[in-house]
Every structure is written in structure tokens, then in C-alpha cells.
Amino acid sequence: MGSTAIRSAVAFPGLVLSAVITSTENKAGRDAASFAMLDVPTGVVATTDVDAALALSDAVAYMASGDIRPEEAIAEIERCLRAGKHVVTPSLYSLYDPASAPTEWVDRLSAAAEEGGAGLLVSGVDPGWGNDALAVIA
């Protein structure tokens, strides 16, 4: 999902790829083009420094899986919202319809968005769901 987000940010007029956050040390310092299989370097290198990346950004495309690590995903999205960054994500698909999502998640993310003056859009297919859960169901 991250590689698709990078390609989209680079290709879409009006969007600027300002930072890439990774939780993997061996990805830190690599140009975003290497993750997205782009021929031309982006000039944006992956970092593990979340605060530095957030300082460079107005919005976050959060592409980590929420399926297998929901508490971590909620906390990471909450951190972005509290920092005043708009978030778009396919993670945590129960939030597509907040009425069907766990009330605690909705309350936490709503409070974080209000505090930071930011918005949250959850749409798409949770990373990992199509590769893991859908295959089992099929």
C-alpha cells in the first residue's frame, strides 16, 4: 500500500511527497523511489523519525496494516491527528462506517481530530486484508 501511495503522491498534480516514515531501520535513508519502483529519485528519503516527518507534512497517507495491529494503528493515527495532520487511510476498515466501529476507536480518533483541527478519511481495503483474510475466506 505504501508504494502505491508514494506513486500516487508523486504523480498527482498538486500533491507533494514531503516525507516517508518507516518502522524498519534497513529502509531508513533510502529514497522513496526505491519502495515505489520509480525510475527517477524523489529526493525524499525514508525516516524512522516520526516527529521530523510530521513537521514537514500537512497530511498523512497512513498505509500500515490495522488488521493485525489495531491498537498500534489507532495510536499512530491518533498521534498524527493530534499533531494537526489530516489523515487518509485504508487501515481499520470498521471505521468506514463509524456506527459499526468500536465506540472507543471513534471516541479516541474524534477527540484527537478535534484537538488537532484535522480530518480523518478511512476508505479502501485494509492493507493485509486482501492478502490474508480474503484468501482464507475464498
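For the single chain, residues carry numbers from 1 onward in sequence order. Here the structure is a predicted model, which means the values were calculated and not measured.
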Donor-acceptor contact below 3.5 Å, side chain H86 vs main chain A59: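 It does not hold such a pair.
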Backbone N/O of V45 and side chain of D31: donor-acceptor pair under 3.5 Å: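 No.
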Give me the atom names and distance for the closest heavy-atom approach of [X] to [Y].
X: A19; Y: L56; result: CB-CD1, 4.4 Å
X: R108; Y: E71; result: NH1-OE2, 2.7 Å
X: V122; Y: S91; result: CG1-O, 3.4 Å
X: P90; Y: Y62; result: CD-O, 3.4 Å
X: T47; Y: A53; result: CG2-CB, 4.1 Å
X: A73; Y: L92; result: CB-CD1, 4.1 Å

Same cluster (ILVMFWY, side-chain, under 4.5 Å), V88 and L81: no
About how many Å separate [atom2] of [Y] and [atom1] of [X], when rounded to the nearest 0.5 Å?
X: L109; Y: E104; atom1: CG; atom2: CD; value: 9.5 Å
X: L120; Y: I77; atom1: CG; atom2: CD1; value: 6.5 Å
X: I21; Y: T48; atom1: CD1; atom2: OG1; value: 9.5 Å
X: L17; Y: L38; atom1: CG; atom2: CG; value: 9.5 Å
X: M63; Y: I6; atom1: CE; atom2: CD1; value: 10.0 Å

Residues that E72 engages under salt bridge (charged side-chain N to carboxylate O under 4.0 Å, His left out), provided they are two or more places apart: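 Applying salt bridge (charged side-chain N to carboxylate O under 4.0 Å, His left out) to E72 gives none.
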Heavy atoms from other residues, nucleotides or ligands near CG of D49 exceed 12 (cutoff 6.0 Å): yes
Results of side chain to side chain contact (heavy atoms under 4.5 Å, CB included) for S94 - residues two or more places apart only: A101, P102, W105
By side chain to side chain contact (heavy atoms under 4.5 Å, CB included) - contacts of T24 (at least two apart):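 Expected list: T22, N26, K27.
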Side chain to side chain contact (heavy atoms under 4.5 Å, CB included), paired with V60, selected from K85, R79, E76: K85
Heavy-atom side-chain proximity of L54 to C80 below 4.5 angstrom: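 Heavy-atom side-chain distance check passes, below 4.5 Å.
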Derivation of the side chain to side chain contact (heavy atoms under 4.5 Å, CB included) call for R7 and T4: CA-CA 5 Å; R7 285 192 302 274; T4 301; 3.3 Å; yes
